[in-house]
Enquirer: 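Let me give you the structure first, and then I'll get to my questions.
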Amino acid sequence: MLGARSNLCWNSFLVANHQAHGSDRVRVRPRNQIEMEIGGLDSNGRQFKNADEMWREEVGDSQKKDDWYRNGVGYWQGVEASMDGVLGGYGHVNEPDIKASEAFLNTLLTDLFPNAGRNQHLVALDCGSGIGRVTKNLLVRYFNEVDLLEPVSHFLDAARENLAPENLLVSGEHKAASFYCTPLQEFSPDTGRYDVIWIQWCIGHLADDDFVSFFKRAKAGLKPGGFFVLKENLARSGFVLDTEDKSLTRSDMYFKELFTRSGLNIYKFKDQKGFPDELFPVRMYALTTDTWKKIGTSRPKRHANRPGLIK
Ligand code: SAH
């Protein structure tokens, strides 16, 4: 899932394809269809002229959609419940990954929560949590309760073990609370439970329609002022379909189109640094909801460090 960019031709194709077709389509298509008109590739080098063509083949009827999700989870059922397993053989990227995530999370908590969240009872959800790597190394240190959502039972069992109180270096006020063995496309959170919903290296398993409906449902799970963090691989343009684990690496523009459809705003984003060159670039997005804007005025100043007009 971390997705080694094993064939560099993919990327040059993606860029070339974008340039060849981008401008004339822009003129004739409504804005939100532009990205979907950009072609993509699969991991065997097969070219698709657009995302619709690929999705029709992969999830075009209910049988195909069931197969897509069964094969996605089936892939992970065959993977060892270890750091190397969930990181596609790149266990050593755990450290730079957590470091960058922690810096990003700190900025967000400082910007958005009174007193950076200190003295508040904070709750997070770790989506597609695998063995609980992100919870153990990051979330449980900042949040009093972390729930985990993971469809592969042997990963969730490992997470339970890794996050047992005796295996955590945090005070008794911080803990892993609930463990849900469910895929994202079937999950509806309890209303208003979470300050942060963290989604890392798993959204590629969702088809576009399930991506959008997941976020629409998950929004109800946020407390007022809560937000999402989505950390994902980026395709340079269009998309790259992994035929083995049934996941899609989307471009930034593709993500933006889906955020719009989901009613989400990008509050901030940050690119991961320090990963091996052969991996896809990785971006962290902090996403807020539309209702969020209405309470924005009661929050600390968000633009204090940006240029501002003298009034
Ligand atoms: N987020 C974890 C694990 C990444 S590996 C980490 O960063 O360490 C990708 C994870 O996505 C696996 O645990 C896999 O089981 C999970 N996954 C696969 N299909 C999923 C789905 N439909 N919904 C939620 N998670 C899924």
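Residues: numbered from 1 along the sequence shown. Whatever order the structure lists them in is the order used to number ligands and atoms, beginning at 1.
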Enquirer: Quick one: does ligand 1 sit under 4.0 Å from the side chain of Trp201, the backbone, both or neither, non-hydrogen atoms only?
Expert: both
Enquirer: Taking the six-membered ring for Trp, are Phe227 and Tyr267 closer than 6.0 Å centroid to centroid?
Expert: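 Aromatic pair excluded; centres sit 6.0 Å or further apart.
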Enquirer: With a 6.0 Å cut-off (strictly less than), is the heavy-atom count around CD of Glu95, excluding the residue itself, greater than 12?
Expert: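 Atom CD in Glu95 is not packed in, count stays at 12 or less.
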Enquirer: Check each of Met83, Glu150, Glu186 against atom 12 (C) of ligand 1 and report the one with the nearest heavy atom.
Expert: Glu150
Enquirer: Check for me whether Arg160 meets the cation-pi criterion with Phe179, that is, NZ or CZ under 6.0 Å from the six-membered ring centre and within 45 degrees of the ring axis.
Expert: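 Yes, a cation-pi geometry.
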Enquirer: Measure up the His205 and Trp76 rings against each other and bin them: parallel (under 30°), tilted (30 to 60°), perpendicular (over 60°).
Expert: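 It falls in the perpendicular class, over 60°.
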Enquirer: If we set the cut-off at 4.0 Å for heavy atoms, which region of Ser129 has an atom near ligand 1: side chain, backbone, both, or neither?
Expert: backbone
Enquirer: Side chain or backbone, does Arg133 bring an N or O within less than 3.5 Å of an N or O on ligand 1?
Expert: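 Between Arg133 and ligand 1 (N or O atoms, distance only) the closest approach is under 3.5 Å.
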Enquirer: Examine distances only and state if a side-chain atom of Arg261 and a backbone atom of Glu257 form a donor-acceptor pair shorter than 3.5 Å.
Expert: no
Enquirer: Check whether any N or O atom of Gly128, backbone or side chain, sits under 3.5 Å from an N or O atom of ligand 1, and answer yes or no.
Expert: yes
Enquirer: Purely on distance, is any nitrogen or oxygen of Tyr69 under 3.5 Å from one on ligand 1?
Expert: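 No; every N/O pair is 3.5 Å or more apart.
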Enquirer: Report yes if some N/O of Pro151 lies less than 3.5 Å from some N/O of ligand 1; otherwise report no.
Expert: no
Enquirer: Going through the checks in order, is the side chain to side chain contact (heavy atoms under 4.5 Å, CB included) test met by Leu163 and Leu168?
Expert: CA-CA 6 Å; Leu163 298 166; Leu168 287 182; 3.8 Å; yes
Enquirer: Less than 6.0 angstrom separating the ring centers of Phe104 and Phe269, yes or no?
Expert: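 Phe104 vs Phe269: aromatic centres not under 6.0 Å.
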Enquirer: Answer yes or no for Gly72: is there a heavy-atom contact with ligand 1 below 4.0 Å?
Expert: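 Per 4.0 Å heavy-atom rule, Gly72 does not contact ligand 1.
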Enquirer: Heavy-atom distance to atom 5 (S) of ligand 1: which of Val79, Val86, Asp245 wins?
Expert: Val86
Enquirer: Is it the case that the ring center of Phe187 lies less than 6.0 angstrom away from the ring center of Phe214?
Expert: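 Judged by ring-centre distance (under 6.0 Å), Phe214 and Phe187 do not meet the cut-off.
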Enquirer: Would you check whether Gln200 has a nitrogen or oxygen atom less than 3.5 angstrom from a nitrogen or oxygen atom of ligand 1?
Expert: yes
Enquirer: Is Val134 touching ligand 1 with its side chain, its backbone, both, or neither, if touching means heavy atoms under 4.0 Å apart?
Expert: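 The part of Val134 near ligand 1 is the side chain, not the backbone.
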Enquirer: Within a distance under 4.0 Å of any heavy atom of Val152, pick out the atoms of ligand 1 and give their elements.
Expert: 15 (O)
